[in-house]
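Report on the following structure.
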Amino acid sequence: MSINDGSQLDLIQRPRRLRMNPLLRAMVEETRLSPKDFVYPMFIEEGRKGRRDRQEVPSMPGVFRQSIEAGLKEMEECLKLGVRSVILFGIPEHKDALGSEAHAEKGIVQQAVRAAKKAFGADLLVVTDVCLCEYTDHGHCAPIRDGEILNDAGAAIHAKTALSHARAGADIVAPSDMMDGRVGAIREALDDAGFANTPIMAYSAKYASGFYGPFREAADSTPQFGDRRSYQMDPANSDEALREVQLDLEEGADIVMVKPALPYLDIIRRVRETFAVPVAAYNVSGEYSVVKAAARMGWIDHDRVMMESLTGIKRAGASIILTYFAKEAARLL
């Protein structure tokens with residue numbers, strides 16, 4: 001490097017040359033988002049009726065607890081925007097200690113899946129969350145006896161739940177409970193019942209995170225005692241995530257997920273580099289809500305931060321992004 005005419009650096013390499021023109025910047029982008037990358041989470045609540053019956057979640061502006069009919073209308077909106085996949089969370093009218101409504105033939109998710117597949121067929125990929133926390137009266141992801149969360153009993157109920165979703169027409173089942181062995185139990189139940197081609201998207205590295213608060217308000221799933229740290233992962237652990245992913249793959253998972261996304265970009269990258277399988281990441285409710293809140297205060301540019309966050313998740317290695325921003329990001333894309 002030398003100085004030319006006393007004022008200009010004589011440089012051979014000038015990376016800024018490729019940043020000067022917006023068309024050229026777009027041409028050399030290394031990471032590109034598409035609406036096809038997104039899975040849009042939806043809360044379907046039992047007891048609501050009609051295309052207009054929906055209630056906004058106070059801590060999640062733009063996200064609703066809604067009837068099946070209202071949900072179908074929003075699914076149609078997703079398809080028009082190019083978002084081809086949704087994940088359904090059910091909110092039942094009645095809860096019990098075993099989360100029985102989770103696998104009921106006429107449960108709210110089962111009804112919603114049937115309605116969605118009838119309305120949209122193969123045009124819409126319907127994923128179902130398989131967990132008990134929305135269905136138990138204690139808010140934990142497995143039955144409880146003498147204060148102990150029963151792992152194997154929980155895995156068995158999750159297997160029944162996943163099978164009921166597959167029978168209703170779900171395209172993918174997604175166990176999110178983090179009970180040991182639940183992927184194997186689900187895979188066996190699906191295969192034995194003739195659903196060998198139904199994929200499992202496992203929440204394989206799900207951390208005991210403080211970013212779930214708004215979701216728990218939306219799904220009415222806050223634990224009534226204790227917390228979930230005995231089954232969700234310690235935020236300090238990284239190697240453990242790889243062990244959890246490997247176990248889920250050995251048990252039959254087809255897609256693995258890291259949750260939350262933004263505080264765990266390093267985990268997404270490690271999983272992507274270690275395992276040759278599709279990696280999903282959940283841009284969770286708290287990540288969504290902090291952007292909404294800061295934007296409302298005028299502290300950040302909402303759309304810019306939204307797109308930067310989603311780009312970062314994909315750049316880290318996620319090929320599938322579950323995000324409440326799906327519709328808004330798709331409009332910009």
Side-chain angles (χ1 to χ4, degrees), residues 15 18 25-41 82-87 125 127 129 171-176 178 183 199-212 215 232-288 290-291 303-330 332-333:
L18 301 183
R25 285 199 300 271
M27 186 177 293
V28 299
E29 275 184 343
E30 299 174 21
T31 304
R32 298 185 182 184
L33 287 171
S34 165
K36 295 178 182 178
D37 299 331
F38 303 143
V39 180
Y40 183 58
V83 177
R84 304 290 299 276
S85 181
V86 298
I87 182 167
L125 189 77
V127 185
D129 179 78
D171 295 297
I172 299 176
V173 294
S176 63
M178 288 296 287
V183 172
I200 297 173
M201 179 168 67
Y203 290 59
S204 298
K206 181 179 180 180
Y207 285 85
S209 171
F211 281 90
Y212 301 149
F215 174 94
Q232 295 177 357
M233 285 184 53
D234 185 339
N237 291 357
S238 175
D239 292 343
E240 183 185 8
L242 299 186
R243 293 197 295 273
E244 288 280 11
V245 169
Q246 183 172 351
L247 286 170
D248 283 356
L249 291 173
E250 290 172 352
E251 292 176 20
D254 302 281
I255 302 167
V256 295
M257 189 194 300
V258 176
K259 179 183 181 183
L262 292 175
Y264 300 93
L265 295 178
D266 61 318
I267 307 300
I268 296 171
R269 171 53 62 184
R270 289 193 69 186
V271 171
R272 182 70 172 200
E273 291 178 344
T274 304
F275 303 99
V277 297
V279 179
Y282 202 141
N283 181 215
V284 300
S285 60
E287 296 170 271
Y288 173 86
V290 295
V291 173
D303 290 353
R304 184 174 180 180
V305 171
M306 171 181 69
M307 299 305 289
E308 185 176 347
S309 299
L310 296 172
T311 300
I313 295 167
K314 187 169 184 180
R315 189 184 64 245
S319 52
I320 300 167
I321 303 174
L322 289 74
T323 179
Y324 302 94
F325 287 122
K327 294 191 300 178
E328 294 172 280
L332 295 181
L333 291 170

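Scope of the values below: all heavy atoms of this structure, side chains included, with no hydrogens, waters or symmetry mates.
- No donor-acceptor pair closer than 3.5 Å links the side chain of Lys36 to the backbone N or O of Arg84.
- Just one of Val127, Asp37, Ile255 meets the side-chain contact (heavy atoms from CB on, under 4.5 Å) condition when paired with Ile320; it is Ile255.
- Taking the six-membered ring where the residue is Trp, Tyr264 and Tyr207 present parallel rings, their angle staying beneath 30° rather than reaching 60°.
- The shortest non-hydrogen separation linking Ser309 to Leu262 is O-CD2, 3.8 Å.
- Each of Thr274, Ile268, Ile267 was checked for a side-chain contact (heavy atoms from CB on, under 4.5 Å) with Val271, and the lone residue meeting it is Ile267.
- Contact of the Met27 side chain with the Leu18 side chain is not registered, since no non-hydrogen atoms from C-beta on lie closer than 4.5 Å.
- Atom CD of Glu240 sits in a crowded spot, with more than 12 heavy atoms from other residues, nucleotides or ligands closer than 6.0 Å.
- Between Asp129 and Ile87, the closest heavy-atom pair is N-CG1, 3.9 Å.
- Summarising the local packing, OH of Tyr212 is surrounded by more than 12 heavy atoms from other residues, nucleotides or ligands at distances under 6.0 Å.
- Taken to the nearest 0.5 Å, the CZ atom of Phe325 stands 9.0 Å off from the CD1 atom of Ile313.
- Contact between Met257 and Met201 at its shortest, heavy atoms only, is CE-CE, 3.9 Å.
- Other residues, nucleotides and ligands contribute over 12 non-hydrogen atoms within 6.0 Å of the CZ atom of Arg25.
- To the nearest 0.5 angstrom, Ile172 atom CD1 is 4.5 Å from Leu125 atom CG.
- Remark: side-chain polar atoms of Asp248 are not paired, donor with acceptor, to backbone N or O of Val245 under 3.5 angstrom.
- The heavy-atom pair separating Ala253 from Ala202 by the smallest distance is CB-CB, 4.0 Å.
- Annotation: side chain of Tyr282 is not in contact with side chain of Val39 (no heavy-atom distance under 4.5 Å).
- In this structure, CE on Met178 lies 7.5 Å from CD on Gln232, to the nearest 0.5 angstrom.
- A donor-acceptor pair under 3.5 Å is absent between the side-chain atoms of Ser204 and the main chain of Glu244, judged by distance alone.
- One distance of note links CD of Glu308 with CZ of Arg315; it measures 8.0 Å at 0.5 Å rounding.
- Taking 4.5 Å as the limit, some side-chain heavy atom of Tyr324 sits within range of a side-chain heavy atom of Phe215.
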Quiz prompt | Glu250 and Leu247: CA distance, side-chain angles, deciding distance, side chain to side chain contact (heavy atoms under 4.5 Å, CB included) verdict | solution = CA-CA 5 Å; Glu250 290 172 352; Leu247 286 170; 4.0 Å; yes
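- Contact annotation: the side chain of Phe275 approaches that of Leu249 to within less than 4.5 Å [non-hydrogen atoms, C-beta and beyond].
- Rounding to the nearest 0.5 Å places CG of Leu332 at 4.5 Å from CG of Asp303.
- Here the straight-line distance linking atom CZ of Arg304 with atom CE of Met307 works out to 12.5 Å at 0.5 Å rounding.
- The closest donor-acceptor contact from the side chain of Asp254 to the backbone of Ile200 lies under 3.5 Å.
- Across all non-hydrogen atoms, the minimal contact from Thr311 to Thr31 is O-CG2, 3.9 Å.
- Counting all heavy atoms, side chain and backbone alike, Ser209 lies closest to Phe211 at OG-N, 2.9 Å.
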